[in-house]
Amino acid sequence: MNAVEVTDLKKSYGKVEAVRGVSFDVAHGEVFGFLGPNGAGKSTTISMLCTLINPTGGRARVAGHDVVGERDEVRRNIGLVFQDPTLDSYLTAEQNLRFHAELYGVPKSAVGDRLKQVMEMVALWDRRDSKVSTFSGGMKRRLEIARGLLHSPRVLFLDEPTVGLDPQTRSAIWGYINKLRRTEDITIFMTTHYMDEAEYCDRIAIIDHGEIVVIDSPEALKASIGKDRVQIHTSDDQAAIAALKERFDLDAGVHDGAVTFAVASGEEFVPKLFAGLGLPITGVSVHRPTLDDVFMNYTGSTIRDAEEESSGGMNQMMRARLRR
Ligand SMILES: Nc1ncnc2c1ncn2[C@@H]1O[C@H](COP(=O)(O)OP(=O)(O)OP(=O)(O)O)[C@@H](O)[C@H]1O
Ligand SMILES: [Mg+2]
């Protein structure tokens, strides 16, 4: 049985079609990522899967239960870490978690052990008696992840778990997530717009304007682009472009101040290039396809362009989030 099954799921707010009929399955034990720019519909999809809002069309099952008809069963089986923080800052770390345990009906006899286990995992056991208001942004995020795990959910939803955090904290959080997949019987559904984070997922769905553009493993997505990008520096770019066409039948152009073209295997091509171009080359670099290239290939814009395109209100939201 799949952990998540989604068929033609839709959500509209008046004229805004936030999610336009997405379909996908997430296998038991998988780490599945939703990758897309601001406003793509990532949080809206998570909210429907977590029973916080009702779909306007389609169906979804989470941990075997329907998100509309069996809300309580779905809720009992999921953990959720929201995009925006939801801790009570005037309570201590432990009080926040105990409150949550009570809400979720974790048996009293089990709470103590489980609390220690999840707090140790995110390295906050020593700080359990500190008020959350004294925590850094990264510590709060780690505590929220611990809270999401407290009632041993079958499926954990993480909405941008690392946004606005420094690289060290981001990599620590990824360390916990990787540990989780080894130690707990859990499926993880996460969203991100960091390309490097999407690499940690078993599979990624690229979502843009409320629609899934493609779903596959990071490796397969990069392989589907197929070609390496080669950039060379020469003293005469136009002559180099003409020579690439004439001698290798390659179409090149100038990007980022370098003569740029694509070949199937950059490393094999570069020695031939030096031997056969007939012009001095002063510098060369070979780039394997990245998820940025994948996003560009499937949506026609870079993820940064797509985000800048979104409204001023959205940018304000981003700034607010980064300040957090
Ligand atoms: N409650 C709401 N009322 C009206 N429109 C909404 C509401 N929630 C979301 N939307 C719209 O739905 C679209 C998708 O929003 P959503 O929050 O799902 O995007 P996202 O992919 O999570 O973006 P981000 O990366 O900024 O978090 C946006 O156009 C947004 O303005
Ligand atoms: Mg969101």
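Ligands are counted one by one from 1 in listed order, and the atoms in each one are counted from 1 as well. Only this structure's heavy atoms are used, side chains among them; waters, hydrogens and symmetry mates stay out.
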| What do you reckon, does E160 put a non-hydrogen atom under 4.0 Å from ligand 1? | yes
| said: For D159 and S43, which I'm curious about, is there any donor-acceptor pair between the side chains at under 3.5 Å? | reply: yes
| said: In this structure, does ligand 1 have an atom that sits under 4.0 Å from one of the heavy atoms of G36? | reply: no
| query | Is there an N/O/S atom in N38 that lies less than 2.8 Å from the Mg ion (ligand 2)? | reply | no
| Got a salt bridge between K245 and D251, using NZ or NE/NH1/NH2 to carboxylate O under 4.0 Å? | yes
| task | Just grab all the salt bridge (Lys or Arg N to Asp or Glu O under 4.0 Å) pairs involving residues 260-285, residues at least two apart or on different chains. | result | E267-R288
| request: With atom 13 (C) of ligand 1 as the reference point, say which of P37, G41, G210, A18 has the nearest heavy atom. | output: A18
| said: Suppose I only count heavy atoms of A40 and a 4.0 Å limit; which atoms of ligand 1 are within that range? | reply: 19 (O), 20 (P), 21 (O)
| With E73 via side-chain hydrogen bond (donor to acceptor under 3.5 Å, both in side chains) - residues at least two apart | none
| query | Out of L150, T86, L87, which residue meets the side chain to side chain contact (heavy atoms under 4.5 Å, CB included) rule with N96? | reply | L87
| Heteroatom N/O/S of S43 within less than 2.8 Å of the Mg ion (ligand 2) | yes
| task | Take E94 and R98 through the test salt bridge (charged side-chain N to carboxylate O under 4.0 Å, His left out) and record every step on the way to the result. | result | CA-CA 6 Å; E94 178 167 345; R98 284 199 178 274; 3.0 Å; yes
| field | Under 4.0 Å to a heavy atom of S43 - the qualifying atoms of ligand 1, by number | value | 17 (O), 18 (O), 20 (P), 22 (O), 27 (O)
| said: Below 3.5 Å, N or O to N or O, backbone or side chain included: is there any such pair between V16 and ligand 1? | reply: no
